[in-house]
Amino acid sequence: MTTADKIAQLNIPVCLPQVLLGDSTNPTGTAEHREAYVRGRTVVGTGAGQLRLGPGGGFFGLVNQTLSGSVEVPHPLTPREQAEQHNRLQRLARDTPLGVPLLQISEGTHGSLGPGSTIFPEGLALGATFDPELIGQVYAAVAREARAVGIHALSTITAELNRDPRYGRGIWAFSEDPYLTAAMVGAVVPAMQGAGNDLTSVESVVTSLVTFPMESPNVGGLETSSIEIGERAFRQTHLEPWRVGFAEAGALMTEASEQTIDGLAVHGSPRYLTDLLRDELRFDGVVIGNDLHGLIREHVAGTAQEAAGLGLRAGVDVSLAWDEIYLDQLAAAVRQGRVDEALLDRAVRRVLTLKERLGLFENPYVDAVRAERVVNCAPHRALALRAARESMVLLKNEGGLLPLAADRVRTVALIGPNADDKLNLLGEYNAYPALHETPSIREALTRLLGDRVRVRYARGCDVTGTDTSGFAAARAAAKDADVALVVVGEQTKGGYLSPDRTDGELKDTASLALTGVQQQLLEEVHATGTPTVAVVVTGRALALPWATAQLPALLIAWLPGEAGGRAVAETLFGRTEPTGRLPVTFPRDAGQLPLTYDQKPARADAGAYVDMPSTPLHAFGSGRGYTTFRHSGVRLDDTHITRDGRTRLHVDITNTGGRDGTEVVQLYVTDDLATVSLPRIRLRGVARRRVAAGERVTVTFPVTAARDLTLVDERLRTVVEPGTFTLSVGSASDRLHQRISLTVS
């Protein structure tokens with residue numbers, strides 16, 4: 001391979017946008033553009049600024065024809081057409097002199113991006129299920145649909161923690177908690193990469209975990225700001241999901257963080273991308289970079305050539321950004337001897353090895369008929385509905401207002417900007433357009449109730465803006481109803497480039513209050529005297545003190561995906577129970593941040609602010625169903641173990657209500673005396689149990705010292721220290737009902 005051939009393998013552009021190509025309204029370009037790229041005939045710019053690319057090494061986001069709704073495409077490709085397009089491009093690649101197949105990568109935060117793909121709940125909605133087994137099934141379906149149309153790797157599978165709700169990219173993350181996130185990641189990677197990491201399977205794709213080693217919590221919650229966190233804190237709190245994802249599960253791709261961490265620019269840091277990632281975590285895959293220009297912005301590289309050298313030495317293998325750094329500047333640096341060509345060979349070898357593991361040299365093609373059969377098939381739609389149902393979190397239900405009874409409610413007022421907006425249920429980076437039914441809450445509620453209950457709808461207001469002209473209709477609808485359901489929250493529709501989104505990538509916020517006049521809408525409806533339920537559609541934790549104090553019921557619907565409208569309707573009317581639990585802490589106000597459940601004693605015991613309590617509004621793990629439970633009889637198989645030992649904790653759960661229900665049992669650990677300051681409590685086990693009314697069941701948690709009782713000591717060693725530990729079991733981080741002591745020697 002020539003130097004140009006090698007560099008082509010390291011550039012997998014995120015799209016072929018019109019800003020570069022000039023004459024296409026499709027982000028993936030015209031057929032002619034795609035053919036030129038694959039054959040190595042793409043030229044952008046003129047004169048000294050001219051860039052050439054190809055023969056192409058692969059595409060990123062080829063199926064994302066609309067940038068998730070940012071650009072309208074008149075005739076989006078069906079799954080069968082997507083597969084046929086991939087096959088055509090692979091034939092072109094095989095006809096080039098080298099015949100190297102293309103590596104197709106796409107986003108996959110909660111589903112494949114090809115139009116028509118199943119849109120599962122996103123981020124915190126999946127985390128709220130507290131159900132790693134279910135999440136594994138979800139991502140197995142996502143992988144199956146992606147590979148069916150020719151995608152080989154899915155990115156935006158988030159292994160970092162959601163520790164700051166202001167940060168827009170937190171929309172992708174599962175939880176603020178390392179244990180829960182690690183459990184999710186540990187289920188997702190083998191589900192996507194297949195048993196034994198058999199990537200030649202038609203049901204497997206490479207898992208790209210993001211964003212390594214972290215992009216949050218960053219200063220001010222701003223996407224491009226730095227991270228100021230020490231090595232011990234990073235290892236104690238943030239490393240576990242990465243260890244599970246790479247060292248244990250064997251994920252074969254990651255994206256490098258665009259941030260600086262403690263002054264180190266990750267894209268140019270061998271400390272992070274080689275020493276930690278490859279040597280310590282035994283990562284054996286491909287590292288994607290998307291911000292090599294950041295090395296210049298942070299003044300650690302003076303020129304594009306220097307940035308190219310820093311990135312390649314650190315371990316960035318592939319660039320998604322179509323710019324000069326990994327194109328002509330990298331070529332010049334190699335040609336002039338400023339970058340050892342052996343480093344270029346190393347990166348190319350990693351990319352080609354991944355293509356080989358995928359079986360692309362033997363068979364780069366897919367079965368287009370199978371794509372049509374697999375994408376959004378009936379089992380996947382059923383799985384999306386199950387995940388949406390399990391994600392619903394009921395935070396308040398005063399007087400047992402919910403579930404509503406269709407035989408006792410004659411008229412329902414359905415109000416709010418998200419009540420009849422199906423697109424805001426789908427989340428960020430979704431398969432737009434859906435090409436299949438994705439009913440809004442209004443449509444699903446009307447279908448569920450039929451002629452038995454009258455549904456009176458009023459939009460009331462928009463998610464953003466100050467227009468209150470719809471308030472009168474909202475008040476009238478509420479006054480004429482037995483109950484008012486007000487659906488408020490965030491706006492994620494419109495794609496990556498939409499200026500109207502309130503959450504998602506590049507959509508950080510300083511306030512966690514409801515945007516626009518939504519708070520006023522809630523107050524107006526409540527003032528009518530009609531019992532009012534707030535349903536919140538959101539991708540982040542919001543501050544909802546008024547709704548929590550004043551309204552009788554509060555349901556967090558998250559971003560529940562294509563079946564979210566039905567899941568909300570069924571939950572409100574008791575067809576299903578709300579079994580989700582908060583995977584993040586809900587603060588009273590953004591001024592409390594950072595605020596997570598796992599605070600050290602000094603913060604956990606702190607007094608109130610002048611203007612509000614210092615405690616959360618809703619604690620991590622909170623949520624209630626439509627029955628009640630009693631925890632009792634906690635016991636250990638062994639109350640004394642060694643530092644490499646294990647035991648089991650048992651606790652009895654009794655359904656004390658009149659309805660069958662699901663309890664989400666949570667195990668927390670406290671190290672009673674340690675050589676470093678640790679969080680007051682740390683989650684180390686979760687278990688979902690279906691319990692019939694009046695029934696008692698026993699829940700068992702394994703407790704392994706080397707997994708559950710470790711700390712990172714002053715010398716940055718992960719160790720188990722002898723002493724006593726308090727094991728607490730409960731239904732939320734602030735509702736721990738049973739405790740028992742364990743001694744380690």
Side-chain angles (χ1 to χ4, degrees), residues 392 394-422 424-425 439-491 513-538 542-557 564-575 578:
M392 299 289 131
L394 182 61
L395 290 179
K396 186 178 181 183
N397 191 23
E398 191 175 86
L401 176 61
L402 299 178
L404 302 173
D407 58 349
R408 293 198 298 270
V409 174
R410 293 170 300 174
T411 302
V412 169
L414 183 63
I415 299 166
N418 281 330
D420 197 27
D421 194 324
K422 63 182 69 179
N424 273 349
L425 301 177
S440 68
I441 294 173
R442 181 187 183 187
E443 291 168 335
L445 196 62
T446 301
R447 188 174 305 168
L448 177 69
L449 299 177
D451 296 331
R452 294 172 298 164
V453 178
R454 178 187 177 204
V455 178
R456 186 169 176 183
Y457 168 71
R459 181 174 176 82
C461 67
D462 294 332
V463 172
T464 59
T466 59
D467 184 4
T468 60
S469 61
F471 281 12
R475 287 193 300 267
K479 288 178 180 178
D480 190 40
D482 300 301
V483 65
L485 309 175
V486 187
V487 189
V488 294
E490 295 191 297
Q491 184 154 293
L514 290 169
T515 54
V517 293
Q518 293 183 94
Q519 174 69 39
Q520 189 177 344
L521 176 66
L522 283 173
E523 295 175 9
E524 293 274 337
V525 173
H526 174 63
T528 65
T530 299
T532 301
V533 178
V535 179
V536 184
V537 175
T538 180
L542 294 175
L544 304 166
W546 185 89
T548 298
Q550 301 299 326
L551 301 184
L554 175 60
L555 178 71
I556 305 299
R566 179 176 172 183
V568 170
E570 291 179 340
T571 300
L572 292 171
F573 276 85
R575 296 293 183 90

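Since this is a predicted model, take the numbers as computed values, not measurements.
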Applied to residues 464-479, the salt bridge (charged side-chain N to carboxylate O under 4.0 Å, His left out) test, sequence neighbours excluded, yields R475-E524
What I'd like to find out is whether the side chain of P417 reaches to under 4.5 Å of the side chain of N424, using heavy atoms alone. no
Sequence neighbours excluded, the answer for side-chain hydrogen bond (donor to acceptor under 3.5 Å, both in side chains) partners of Q491 is none
Between the CG atom in L395 and the CG atom in L555, the distance rounded to the nearest 0.5 Å is 8.0 Å
Minimal heavy-atom distance between G564 and L425, with the atoms involved, is C-CD1, 4.3 Å
What one should report as the nearest heavy-atom pair of V517 and F471 is O-CZ, 3.7 Å
*pair L445-L485: side-chain heavy atoms closer than 4.5 Å*: yes
The side chain to side chain contact (heavy atoms under 4.5 Å, CB included) partners of T411 (sequence neighbours excluded) come to R454, A481, D482
Distance col, row D420:CG vs L414:CG, nearest 0.5 angstrom, shows 7.5 Å
Contacts of Q519 meeting side-chain hydrogen bond (donor to acceptor under 3.5 Å, both in side chains) (sequence neighbours excluded), chain-then-number -> E523
Residues K422 and P439: closest non-hydrogen pair is CB-C, 4.2 Å
Are any side-chain N or O atoms of T528 and backbone N or O atoms of V525, one a donor and one an acceptor, separated by less than 3.5 Å? yes
All heavy atoms of F573 vs all of P403, minimum pair found to be C-CB, 3.9 Å
Sorted by chain and residue number, the side-chain hydrogen bond (donor to acceptor under 3.5 Å, both in side chains) partners of T548 (sequence neighbours excluded) come out as H618
Residue set satisfying side chain to side chain contact (heavy atoms under 4.5 Å, CB included) with E398, at least two apart, ordered chain then number -> K396, P552
Quick note, ring-ring contact (aromatic ring centres under 6.0 Å, His included) partners involving residues 513-535, not counting sequence neighbours, are H526-W546
The reported gap from CD in Q520 to OG1 in T468 (rounded to nearest 0.5 angstrom) is 6.0 Å
Between T515 and G489 the two heavy atoms that sit nearest each other are OG1-O, 4.1 Å
Exercise for review: For the residue pair L514 and L544, establish whether any side-chain heavy-atom pair is separated by less than 4.5 Å.
Suggested key: yes
With sequence neighbours left out, the residues meeting side-chain hydrogen bond (donor to acceptor under 3.5 Å, both in side chains) with T466 are none
A513 meets the side chain to side chain contact (heavy atoms under 4.5 Å, CB included) criterion, sequence neighbours left out, with S511
Do L404 and V453 have side-chain heavy atoms sitting under 4.5 Å apart? no
Throw together a table of side-chain donor-acceptor distances under 3.5 angstrom for residues 529-537, partners on residues two or more places apart or in other chains.
from	atom 1	to	atom 2	distance (Å)
T530	OG1	A478	O	2.7
T532	OG1	T530	O	2.8

Closest non-hydrogen atoms of L572 and L402, given as atom of the first, atom of the second and distance, are O-CD2, 3.9 Å
Residues passing the side chain to side chain contact (heavy atoms under 4.5 Å, CB included) test with D462, sequence neighbours excluded, are R459
Sorted by chain and residue number, the salt bridge (Lys or Arg N to Asp or Glu O under 4.0 Å) partners of E570 (sequence neighbours excluded) come out as R389, R566
| query | Do the side chains of D421 and N418 get nearer than 4.5 Å, heavy atoms only? | reply | yes
